[in-house]
Undergrad: 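Once you've had a glance at the structure underneath, I'll fire off some questions.
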Amino acid sequence: MNAGPLLSAQLRGETILSERLRARILAYLFLSASLLFLLLTALLPADYEKVFGTGPTRYQLTGMLFAVALYEYALNHVIRFREHRGKMLPEPVRYWNALVEISIPTVGMLILSSSIPPLLTLVSPLTALYFIFILLSILRLNVLLSLWTGLLAALQYVGIAWYFHQNGGGEGVAPMFDTTALYVARSVMLLGAGIVAGVIARIIREKIVHTVQEVEAKNQAIDLFGQQVSEPVARELLRSAQALRGRLRSVTVMFLDIRDFTPFTARHAPDEVVNYLNTLFSFMIRVIGAHAGIVNQFLGDGFMTTFGAPLEDEEHAAHAVASAIEIHAGIQRMVEEGSIPPTRIGIGIHSGEALTGNIGSAERRQYSVTGSTVILASRIEQLNKIHGSDILISEETFRMAKLDSATCERIENVTVKGRADRFTIYRLA
């Protein structure tokens, strides 16, 4: 899968944050462990001496734990330093760091073996550190790093067990601790833990990828359509990338114009004009969205709307007619209620084939509908001024919408600029 710029940046950012979180957790964990170990050995000196004797083991283990805390603290700052430059730790460094960290329990057991029978160190609390490092490897969001951590833990554990066996580490321990199967089984568990951690890391990473891809898709839809589509249409567009590809479609195009808008702007303050347009357009776009249409472009005192693209709609002509009638009735109602000043509109609708698709440059694209169908719909809208009408539709739309000729007025022998032949239109209002 080729990651887009946003996806790559987001994955890198999430990985850096997770790496820093992992380093901070380990720093606090080992600092707390070193202080707790010092405290317990100071409060219970007799118990400590029974187990470890009077040698330097106490200070060696404390020093090791504290050194690891400092190491993780420094690692957190190194990751943060590179984060400010938009960079992660290099991959070889991440693998080397996993090797260093997983060696810490091994070093601890070597230190501890100077005070107690070596094989007993293999069942001491130090072995739990292997599992802690494997568990926290999930935060690296890298399957291979988790597998690498589990493999290193298994190899080091079985390796040190073999070393202790070869050097008489089983003297003075119960027979159950001097069995090879016990340590082989534990090493297999460590490897299994690494595999499980890798699976979990993969699941988390895929969820992040899925989330970022959804964000990219939503941003693309916003770039293409702004807030001009209804929520159901927007959701469908996000599910269907095919909808945005260039192709020839059967569509219905509607042009809407607000009559006498220029005189209105001359008589009113700019904020009043803006509020007036916002009120009208909010209502109109809501109606268009409810009928599965989209507003392709605003034209100052009007706009162009498409039905049947980018989403397939077999009833696009009927939906366009229904939205035009609803808009016309809604404006009359708002005028009667006094929520807007007296307003007239002109609507022209035509159905036919048009070229649709996501058109533009790499930096900026826009979903467009072009062709003679669009031009004729615009020309039909202008005919409203000649015929004193509010809604005119072409014969193609009349036929595709399956309208009844008794509900509208037939106007024949119509001509428009740029078209030599005569055609028929229908007046709906």
Undergrad: Is the shortest heavy-atom distance from the side chain of T127 to the side chain of M109 under 4.5 Å?
TA: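 Result yes, sub-4.5 Å side-chain heavy-atom pair found.
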Undergrad: Is the F281 to F298 ring centre distance short of 6.0 Å?
TA: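 When the ring centroids of F281 and F298 are compared, they turn out to be within the sub-6.0 Å range.
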Undergrad: Just how far is it from atom CZ of R12 to atom CE of M88, taken to the nearest 0.5 Å?
TA: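 Going from the CZ atom of R12 to the CE atom of M88 covers 8.5 Å.
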Undergrad: Determine whether the side chains of R427 and S389 contain a donor N or O and an acceptor N or O closer than 3.5 Å.
TA: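 Result is no, nothing qualifies.
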Undergrad: So which atom in H319 and which in H291 form the shortest heavy-atom distance, rounded to 0.1 Å?
TA: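 Answer, listing the atom of H319 first, then H291: CB-O, 3.4 Å.
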Undergrad: Between R94 and E91, is there a salt bridge with N-O shorter than 4.0 Å?
TA: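 The answer is yes: the pair qualifies as a salt bridge.
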Undergrad: Which pair of non-hydrogen atoms, one from I294 and one from I288, has the smallest distance, and what is that distance?
TA: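 Closest approach of I294 to I288, heavy atoms only: N-CG2, 3.9 Å.
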Undergrad: Of all residues at least two apart in sequence or in a different chain, which pass the salt bridge (Lys or Arg N to Asp or Glu O under 4.0 Å) check with E396?
TA: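 Salt bridge (Lys or Arg N to Asp or Glu O under 4.0 Å) check on E396 returns nothing, list empty.
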Undergrad: Assess whether salt bridge (Lys or Arg N to Asp or Glu O under 4.0 Å) is satisfied between E101 and R22, documenting all intermediate values.
TA: CA-CA 12 Å; E101 290 179 343; R22 190 188 64 82; 2.8 Å; yes
Undergrad: Quick one: does any side-chain atom of S282 pair with a main-chain N or O of T279 as donor and acceptor, under 3.5 Å?
TA: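 No, the answer is negative, given that no donor and acceptor are paired below the 3.5 Å cut-off.
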Undergrad: Taking atom CZ of F66 as the centre, report whether more than 12 heavy atoms of other residues, nucleotides or ligands fall under 6.0 Å from it.
TA: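 Open.
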Undergrad: Can you check whether I347 reaches F255 side chain to side chain, under 4.5 Å on heavy atoms?
TA: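 Heavy-atom side-chain distance check fails, nothing below 4.5 Å.
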Undergrad: Go through it in stages, so that I can follow the logic: the residues are T373 and E353, the test is side chain to side chain donor-acceptor pair (under 3.5 Å), and I'd like the CA-CA distance, side-chain angles, deciding distance and then a yes or no.
TA: CA-CA 6 Å; T373 297; E353 287 193 330; over 6 Å; no
Undergrad: Between W148 and A98, is there a donor-acceptor pair closer than 3.5 Å when you use the side chain of the first and the backbone of the second?
TA: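 Such a contact is absent between W148 side chain and A98 backbone.
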Undergrad: Are any of the side-chain heavy atoms of P341 and Y276 separated by less than 4.5 Å?
TA: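 In short, these two side chains touch, coming nearer than 4.5 Å.
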Undergrad: For a quick test of reading the model, state the closest non-hydrogen atom pair linking R140 to T15 and the distance between them.
TA: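 Between these two residues, the closest heavy atoms are O-CG2, 3.6 Å.
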Undergrad: Can you list the steps and then say if T343 with L280 is a side-chain contact (heavy atoms from CB on, under 4.5 Å)?
TA: CA-CA 10 Å; T343 300; L280 280 179; 4.2 Å; yes
Undergrad: Heavy-atom count check: over 12 atoms from other residues, nucleotides or ligands less than 6.0 Å from M189 CE?
TA: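 Atom CE in M189 is not packed in, count stays at 12 or less.
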Undergrad: Please determine whether the number of non-hydrogen atoms from other residues, nucleotides or ligands lying under 6.0 Å from atom CD of E314 exceeds 12.
TA: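 No, because the 6.0 Å sphere around CD of E314 holds 12 heavy atoms or fewer from other groups.
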Undergrad: Nearest 0.5 Å please: distance from the CZ atom of R259 over to the CG atom of D301.
TA: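 It is 9.0 Å, given to the nearest 0.5 Å.
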Undergrad: Answer yes or no: is there an ion pair linking R399 with E395, defined by an N-O contact shorter than 4.0 Å?
TA: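 Result for this pair is no, no salt bridge flagged.
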Undergrad: Do H316 and S351 meet the criterion of a side-chain donor-acceptor pair at a distance under 3.5 Å?
TA: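 S351 and H316 do not have a side-chain donor-acceptor pair below 3.5 Å.
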Undergrad: Ignoring hydrogens, what is the shortest heavy-atom contact between S394 and I380? Give both atom names and the distance.
TA: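 Closest approach of S394 to I380: CB-CD1, 3.7 Å.
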Undergrad: Take atom CZ in R344; do more than 12 heavy atoms of anything else shown fall under 6.0 Å from it?
TA: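 Result for CZ/R344: enclosed.
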Undergrad: Test side chain to side chain donor-acceptor pair (under 3.5 Å) on R249 and T356 and set out the steps.
TA: CA-CA 7 Å; R249 294 176 181 266; T356 68; 3.1 Å; yes
Undergrad: For residues 72-79, please give each side-chain donor-acceptor pair under 3.5 Å, one per line with the distance, not counting sequence neighbours.
TA:
from: Y73; atom 1: OH; to: H77; atom 2: NE2; distance (Å): 3.2
from: N76; atom 1: OD1; to: R20; atom 2: NE; distance (Å): 3.2

Undergrad: Hey, could you give me the CG/CD1 distance between D390 and I327, rounded to the nearest 0.5 Å?
TA: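 The CD1 atom of I327 is 12.5 Å from CG of D390, to the nearest 0.5 Å.
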Undergrad: Can you check whether L147 reaches I195 side chain to side chain, under 4.5 Å on heavy atoms?
TA: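 Yes, close enough: below the 4.5 Å cut-off.
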Undergrad: Ignoring hydrogens and geometry, is there a side-chain-to-backbone donor-acceptor pair from N275 to D271 under 3.5 Å?
TA: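 Confirmed, N275 side chain pairs with D271 backbone.
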Undergrad: If only side-chain N and O atoms count, and only distance matters, is there a donor-acceptor pair under 3.5 Å linking T149 with S137?
TA: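 No, no side-chain donor-acceptor pair sits under 3.5 Å.
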Undergrad: So L277 and I258, side-chain contact (heavy atoms from CB on, under 4.5 Å) or not? Walk me through it.
TA: CA-CA 10 Å; L277 286 177; I258 301 173; 3.8 Å; yes
Undergrad: Between the side chain of D260 and the main-chain N/O of P263, is any donor-acceptor distance below 3.5 Å?
TA: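 No, because the side chain of D260 does not come within donor-acceptor range (under 3.5 Å) of the backbone of P263.
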Undergrad: I need the M254 CE to T252 OG1 distance, nearest 0.5 Å.
TA: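 Rounded to the nearest 0.5 Å, the CE-OG1 separation comes to 10.5 Å.
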Undergrad: Under a 3.5 Å threshold, yes or no: a donor from one side chain and an acceptor from the other, between H350 and T397?
TA: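 No, no side-chain donor-acceptor contact under 3.5 Å.
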Undergrad: Is any side-chain heavy atom of F283 closer than 4.5 Å to a side-chain heavy atom of M334?
TA: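 Side-chain contact under 4.5 Å: yes.
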Undergrad: What heavy-atom pair brings N384 and I391 nearest, and what distance separates the two atoms?
TA: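 The answer is OD1-N, 3.4 Å.
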Undergrad: Is the side chain of H268 donor-acceptor paired with the backbone N or O of F264 at a distance under 3.5 Å, no angle test?
TA: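 Pair found, side chain donor or acceptor close to backbone of F264.
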Undergrad: Check whether any side-chain heavy atom of F131 sits under 4.5 Å from a side-chain heavy atom of L190, and report yes or no.
TA: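 Sidechains of L190 and F131: in contact.
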Undergrad: Is the closest side-chain heavy-atom distance between I104 and F133 below 4.5 Å?
TA: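 Heavy-atom side-chain distance check passes, below 4.5 Å.
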Undergrad: Under 6.0 Å from the six-membered ring centre of F81 and within 45° of its axis: does the NZ or CZ of R85 meet both?
TA: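 Yes, a cation-pi geometry.
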Undergrad: When rounded to the nearest 0.5 angstrom, what is the spacing between CD1 in I331 and CD1 in I340?
TA: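 If I round to the nearest 0.5 Å, the distance is 6.0 Å.
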Undergrad: Any chance you could measure M64, atom CE, to F30, atom CZ, to the nearest 0.5 Å?
TA: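 Reported to 0.5 Å precision, the distance equals 6.5 Å.
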Undergrad: Of the options Y157, Y130, Y163, which is the one that meets T106 in a side chain to side chain donor-acceptor pair (under 3.5 Å)?
TA: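 That would be Y130.
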Undergrad: Do R410 and F398 pass the side-chain contact (heavy atoms from CB on, under 4.5 Å) test, and can you show the C-alpha distance, the side-chain angles, and the key distance before you say yes or no?
TA: CA-CA 10 Å; R410 180 185 177 96; F398 175 85; 6.0 Å; no
Undergrad: Considering all heavy atoms of both residues, which atom of H328 and which atom of I345 are nearest to each other, and what is their separation?
TA: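 Answer, listing the atom of H328 first, then I345: CA-CD1, 4.3 Å.
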Undergrad: Inspect the contact between R205 and E14 and indicate whether a charged nitrogen and a carboxylate oxygen are less than 4.0 angstrom apart.
TA: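 So E14 does not pair with R205 through a salt bridge.
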Undergrad: Using side-chain contact (heavy atoms from CB on, under 4.5 Å), reason through Q60 and V107 one step at a time and then give a plain yes or no.
TA: CA-CA 11 Å; Q60 290 173 343; V107 172; over 6 Å; no
Undergrad: Main chain of E381, side chain of D257: is a donor-acceptor contact present, judged purely on distance under 3.5 Å?
TA: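 Not confirmed, D257 side chain does not pair with E381 backbone.
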Undergrad: Looking at side-chain heavy atoms only, is the closest gap between L110 and F164 below 4.5 Å?
TA: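 Sidechains of F164 and L110: in contact.
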